[in-house]
There are 2 protein chains.
Amino acid sequence: MSAATKEKLLEGALRTLVEQGIAKASARTIAATAGVGQGLIFYHFGSVDELLAAACRFGAEQRVARYRERLAALNSLTELLEFARSMHEAERAAGNVAMLGQLLAAGQSSPVLAAATADGLGLWIQELESVLSRLLAATPLDGYADPAGLARATAASFIGIELYEGVDPQGAGSALDALEQLAGLAAGLEGLGSLSQRVVRRGLRRGAR
Amino acid sequence: MSAATKEKLLEGALRTLVEQGIAKASARTIAATAGVGQGLIFYHFGSVDELLAAACRFGAEQRVARYRERLAALNSLTELLEFARSMHEAERAAGNVAMLGQLLAAGQSSPVLAAATADGLGLWIQELESVLSRLLAATPLDGYADPAGLARATAASFIGIELYEGVDPQGAGSALDALEQLAGLAAGLEGLGSLSQRVVRRGLRRGAR
DNA sequence: GTCTATACATGGATAGAC
DNA sequence: GTCTATCCATGTATAGAC
């Protein structure tokens with residue numbers, strides 16, 4: 001049956017990307033992982049790139065859906081930071097972040113993969129952006145920080161650090177620690193009194209140019 | 001002559017990586033770019049991966065050397081920020097950041113490339129770390145922010161954003177803008193009076209856990 | 001020691017079988 | 001409509017020529 005084969009291929013593509021990387025994600029390897037004939041990729045998806053693109057969108061939607069309601073229920077940057085830590089750890093373990101990194105790199109020279117990766121990343125960014133714009137409003141950063149830009153910077157940075165982890169686990173650990181400290185700084189602003197907040201705002205205006 | 005061929009191959013590998021990405025960086029393609037026979041890669045470097053590894057170290061050293069003295073001459077975070085902007089723009093245009101991204105992704109499943117990329121990135125990180133630890137000392141972040149971790153986070157984040165730019169130029173632009181605002185915040189702290197600095201320090205201690 | 005011609009492996013894609 | 005057997009391009013690696 002067609003639908004079953006298509007899904008086997010999507011799962012096979014995801015598993016191959018996560019376990020062996022884009023370099024090994026050939027039609028033959030993916031088909032073997034999926035347990036189907038190699039030619040089926042071209043029948044069902046047209047090309048390897050298009051299968052990978054479909055798998056990217058499929059996988060990202062699957063993963064983001066896991067967190068959507070819980071993100072909407074958060075009430076402070078501190079809570080977000082706490083939640084983000086466990087979320088990142090879970091996605092890292094699932095190999096999802098590294099997979100996006102692989103596709104992102106491949107997307108540099110494949111328009112099909114570029115569009116798919118932008119879409120997949122976009123799902124994460126959308127969630128981040130909406131929770132950030134809701135929560136930043138309660139801090140002195142309101143009106144100063146741009147939630148859309150921050151969401152994109154955060155998503156891209158995590159992917160960069162995750163890729164970095166693959167070549168220097170210890171260095172990546174210290175990078176994540178440093179960012180957590182920085183995020184904790186912003187979260188700490190929530191707890192300041194109104195006088196201190198005013199001082200901070202003045203500092204921000206001066207820092208801006 | 002041997003040395004000339006080796007250098008042609010190193011340059012050819014760099015050009016291929018920058019212009020066509022890791023996916024096209026095969027022995028045939030690189031050799032064609034370098035204008036030499038394909039088999040020479042294996043004679044001089046043993047394998048394609050080892051050539052790419054050598055090229056990565058070669059290229060990173062070349063690029064970092066350009067900035068070493070100028071970074072050492074900087075005297076404030078504001079100056080650093082200004083300089084970093086032009087430096088990043090120049091490297092971006094040269095394709096160097098994207099190349100590191102390509103190698104970083106490939107390094108996930110190739111120990112040889114992983115080691116080389118870690119080394120290449122390490123050169124940038126080393127420069128960043130030394131200038132950051134020197135300049136952060138003059139701000140309220142002194143003792144709070146970890147220069148080693150920040151340098152690694154910065155380098156990895158820029159690579160992530162650069163890869164992101166390949167699939168969503170506009171989104172990457174807003175991400176960079178947001179980070180510049182954030183960096184400007186830290187730079188602004190330099191100009192605060194001692195009372196305000198004390199308030200900020202108190203906030204930081206509260207934000208830390 | 002340096003390089004080229006050639007062998008062998010893997011990958012993408014499709015014509016045609018069911 | 002679904003799938004398999006087969007073709008051709010591209011890739012790695014080396015035996016042997018110079």
Side-chain angles (χ1 to χ4, degrees), chain A residues 1-56 99 102-103 105-116, chain B residues 1-56 102-103 105-114 116:
Chain A
M1 200 227 288
S2 171
T5 305
K6 271 182 114 155
E7 196 159 318
K8 273 190 211 165
L9 281 170
L10 287 171
E11 307 272 19
L14 287 176
R15 269 195 54 194
T16 305
L17 276 173
V18 169
E19 292 168 12
Q20 315 200 60
I22 186 90
K24 295 279 178 197
S26 69
R28 288 177 134 90
T29 311
I30 294 172
T33 305
V36 305
Q38 170 263 327
L40 291 178
I41 287 174
F42 302 92
Y43 172 65
H44 286 292
F45 294 92
S47 73
V48 175
D49 271 13
E50 282 166 307
L51 165 56
L52 292 175
C56 174
M99 184 200 73
Q102 295 285 308
L103 289 169
Q108 307 300 304
S109 37
S110 158
V112 172
L113 288 183
Chain B
M1 199 228 288
S2 172
T5 305
K6 272 182 112 154
E7 196 159 319
K8 273 190 212 166
L9 281 170
L10 287 171
E11 307 271 20
L14 286 176
R15 270 195 54 194
T16 306
L17 276 172
V18 168
E19 291 168 12
Q20 317 199 67
I22 185 92
K24 295 277 178 200
S26 69
R28 284 177 138 92
T29 310
I30 294 172
T33 305
V36 304
Q38 169 266 325
L40 291 177
I41 288 174
F42 302 92
Y43 172 66
H44 286 292
F45 294 93
S47 72
V48 175
D49 271 14
E50 281 166 308
L51 165 57
L52 293 175
C56 174
Q102 295 284 308
L103 289 169
Q108 307 299 305
S109 36
S110 159
V112 171
L113 289 183

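Convention: sequence-line order gives letters A, B, ...; per-chain numbering from 1.
Using a 4.0 Å cut-off, no side-chain N or O of B/His44 falls inside it from OP1 or OP2 of C/dG1. The side chain of B/Ser2 places an N or O atom within less than 4.0 Å of a non-bridging phosphate oxygen (OP1 or OP2) of C/dT2. Between B/Thr5 and C/dT2, a side-chain N or O to OP1/OP2 separation shorter than 4.0 Å is absent.
Rounded to an integer number of Å, the gap from NZ of B/Lys8 to C1' of C/dC3 is 12 Å. Summarising the geometry, the separation between CD on A/Gln20 and P on C/dG11 is reported as 10 Å, rounded to the nearest angstrom. Nucleotide C/dT4 holds its P atom 11 Å from the CG atom of B/Leu9, rounded to whole Å. In this structure, the CD1 atom of A/Ile41 is 14 Å from the P atom of C/dT14, given to the nearest Å.
The CG atom of A/Leu17 sits 10.0 Å away from atom OG1 of A/Thr33, with the distance rounded to the nearest 0.5 Å. Here the NZ-NE2 distance, from A/Lys8 to A/His44, works out to 10.0 Å after rounding to the nearest 0.5 Å.
Applying the side chain to side chain donor-acceptor pair (under 3.5 Å) rule to A/Glu50 yields the partners A/Ser47; only residues at least two apart in sequence or on another chain are considered. Partners of B/Arg28 according to the salt bridge (charged side-chain N to carboxylate O under 4.0 Å, His left out) rule, which considers only residues two or more places apart in sequence or in another chain, do not exist here.
The side-chain heavy atoms of B/Ile22 and B/Thr16, taken from C-beta on, include no pair separated by under 4.5 Å.
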> Could you write nucleotides 11-18 of chain D as a row of B, S and -, 5' to 3', where a protein heavy atom under 4.0 Å of any base atom gives B, of only sugar-phosphate atoms gives S, and otherwise -?
Replying inline: BBBB----
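Under a 3.5 Å cut-off, the side chain of B/Gln102 and the backbone N or O of A/Ala105 do form a donor-acceptor pair.
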